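What follows is a short report on a single structure.
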Amino acid sequence: MPDFEPSLSPDTLAVTAGRPPHTPDAPLNQPVVLASTYVAGGEMEYGRYDNPTWTAFEEVLGALEGGRALAYASGLAAVATVLDLVPVGGVVVAPRHAYLGTLGQLGDLVDAGRLSAAPLVDVADTEAVLELVPGADLVILESPTNPALEVADLAALCAGVREAGAVVVVDNTFATPLLQRPLEIGADIVLHSATKYLAGHSDLVLGALVTAPTPRGEQLHELLLNHRKKIGAIPGTFETWLALRGLRTLHLRVERAAANAAELARRLADHPAIERVRYPGLPSDPGHRRASEQMKGYGAVISIEVRGGAEAADRLTRSTRLWVHATSLGGVESTFERRRRWAGEIATIPDNLVRMSVGIENVEDLWADLSTALDGVLASQA
Ligand SMILES: *Cc1c(COP(=O)(O)O)cnc(C)c1O
């Protein structure tokens with residue numbers, strides 16, 4: 001039994017869950033356990049089956065999401081695992097603007113004949129998603145989406161999918177369990193790229209799946225645990241330990257980064273170098289009302305569309321000192337990226353869209369750097 005109380009607030013769970021028992025001379029923190037094999041006679045047996053450092057990380061994430069967590073080698077290993085649950089010839093529905101790697105896996109599986117179809121849909125259009133649900137085996141939701149920041153009506157969609165008998169997975173990478181708890185809203189499985197906010201320091205790659213505390217969720221947990229043992233998409237122990245350390249400050253990082261993002265989004269919306277700001281925290285954003293209903297905050301990713309097209313957007317990413325031009329997101333440091341620099345990025349993502357991952361630096365320093373660069377972009381067009 002975990003020695004924490006699930007009724008505690010998430011901030012306290014982030015700090016206290018997944019600790020060794022408070023016995024004399026026990027370490028306060030779960031140490032890194034490096035082991036490929038354990039002395040026979042117990043339950044752990046082998047390093048592909050079990051590891052105490054994984055368990056500590058999984059206890060914290062499970063407590064935060066309200067379910068049972070399993071860690072994976074990466075977010076995409078978690079995606080591949082979920083897709084492996086779909087029967088041969090099955091159908092998977094996914095957001096047209098889902099994470100690019102998720103869409104890549106779906107495309108490959110359809111091409112190989114492993115799935116019979118993987119229709120993509122605007123996840124903010126509840127009717128359109130529900131129309132595709134009959135006949136689907138698995139529905140993947142992502143909200144807010146990466147990088148378009150569309151917000152899905154999770155309650156309506158989870159209810160519709162479960163009524164149809166399909167499994168519903170929510171990629172909760174952008175929101176984190178502090179801002180959105182999909183298992184409470186009706187999801188069967190929550191998926192994370194723990195690489196991002198959960199770990200939070202841009203120094204590791206890790207994924208996770210969390211199953212609901214329902215009979216079906218328990219069944220899925222058993223399936224997933226056996227699958228991980230057989231397939232071996234297991235996390236590195238040191239990476240998991242670093243992510244566990246990251247989880248201890250998740251609430252502080254998310255709170256500060258989201259406060260910075262809210263302030264920057266407001267200022268960006270008034271800057272003449274910007275055509276459009278996508279951020280669910282702005283009252284003018286199409287996802288604002290829905291996000292206000294189902295989230296406890298709006299997160300720390302902003303997508304902007306820079307006036308002057310891809311060239312102006314590229315100029316922006318080259319002209320800052322604090323903001324680092326880099327892919328990925330969710331670290332303590334502010335980074336940004338023109339997404340269409342990737343040949344594989346979907347054509348419906350505007351080619352002047354820059355996805356910004358707002359960090360926990362001082363907001364005035366971030367704004368000074370950004371607004372100077374944006375003024376430079378404007379001046380270059382004069
Ligand atoms: C990064 C990301 C993934 C993939 O995770 P990796 O850890 O990079 O494998 C999946 N979903 C979302 C929303 C992401 O941002």
Side-chain angles (χ1 to χ4, degrees), residues 54 57 61 65 69-84 92 94-108 120 123-124 138-152 154 168-177 179-180 182 187 189-210 228 231 233-236 238-240 242-243 246-247 254 257 261 278 280 287 291 295 298-303 326-331 335-337 339 342 344-346 349 353-359:
W54 303 348
F57 170 83
L61 182 58
E65 287 286 6
L70 289 171
Y72 289 87
S74 66
L76 281 184
V79 171
T81 295
V82 163
L83 294 177
D84 264 359
V92 177
R96 68 184 172 134
H97 292 154
Y99 176 69
L100 206 51
T102 304
L103 296 176
Q105 289 192 14
L106 287 170
D108 285 355
L120 304 180
V123 81
L138 174 75
V139 176
I140 299 177
L141 303 175
E142 191 178 304
S143 186
T145 55
N146 177 3
L149 296 173
E150 296 135 333
V151 180
L154 293 180
V168 56
V169 179
V170 175
D171 186 330
N172 205 26
T173 299
F174 271 39
T176 82
L179 303 183
Q180 175 167 282
I189 303 176
V190 160
L191 187 148
H192 278 284
S193 170
T195 310
K196 316 289 168 56
Y197 290 101
L198 300 186
H201 295 74
S202 310
D203 51 8
L204 63 92
V205 174
L206 192 78
L209 295 173
V210 194
R228 188 179 67 174
I231 298 285
I234 53 169
F238 188 59
E239 282 78 0
T240 313
L242 277 175
L247 278 177
V254 167
R278 299 176 188 233
M295 299 175 74
Y298 306 101
V301 181
I302 303 170
S303 287
T327 198
S328 195
L329 56 103
T335 60
F336 60 176
E337 177 183 38
R339 285 298 300 177
W342 296 96
E345 183 59 274
I346 310 151
I349 298 299
L353 182 145
V354 174
R355 185 188 65 196
M356 310 174 64
S357 172
V358 180

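Bear in mind that the values here come from a model prediction, so they are computed numbers and not experimental data. Sequential numbering from 1 along the given sequence is applied to the chain's residues. As the structure lists them, so they are numbered: ligands from 1, and atoms in each ligand from 1.
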CG-CZ distance between L353 and R278, expressed to the nearest 0.5 angstrom: 5.5 Å

So how far is it from Y72 OH to T240 OG1, rounded to the nearest 0.5 Å? 12.5 Å

Has T173 got a side-chain atom pairing as donor or acceptor with S193's backbone, closer than 3.5 angstrom?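 Such a contact is found between T173 side chain and S193 backbone.
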
So, does S357 use its side chain to make a donor-acceptor pair with the main chain of G330 at under 3.5 Å?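 Yes.
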
Can you produce the list of protein nitrogen or oxygen atoms under 3.5 Å from a nitrogen or oxygen of ligand 1, alongside each distance?
| unit_1 | atom_1 | unit_2 | atom_2 | d |
| --- | --- | --- | --- | --- |
| ligand 1 | 5 (O) | S193 | OG | 3.0 |
| ligand 1 | 7 (O) | G75 | N | 2.9 |
| ligand 1 | 7 (O) | S193 | OG | 2.8 |
| ligand 1 | 7 (O) | T195 | OG1 | 2.7 |
| ligand 1 | 9 (O) | G75 | N | 3.0 |
| ligand 1 | 9 (O) | L76 | N | 2.8 |
| ligand 1 | 11 (N) | D171 | OD2 | 2.7 |
| ligand 1 | 15 (O) | N146 | ND2 | 3.1 |
| ligand 1 | 15 (O) | K196 | NZ | 2.7 |

With the side chain counted from C-beta on, respond yes when E239 and V205 share a heavy-atom pair under 4.5 Å apart, and no when they do not.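 No, side chains not in contact.
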
Output a table of donor-acceptor pairs, distance under 3.5 Å, between side-chain atoms of residues 143-151 and any protein atom two or more places apart or on a different chain; print 'none' if there are none.
| unit_1 | atom_1 | unit_2 | atom_2 | d |
| --- | --- | --- | --- | --- |
| S143 | OG | A152 | N | 2.9 |
| T145 | OG1 | L149 | N | 3.2 |
| T145 | OG1 | E150 | N | 2.9 |
| T145 | OG1 | E150 | OE1 | 2.7 |
| N146 | OD1 | R355 | NH1 | 2.6 |
| E150 | OE1 | H97 | ND1 | 3.4 |
| E150 | OE2 | H97 | ND1 | 2.8 |

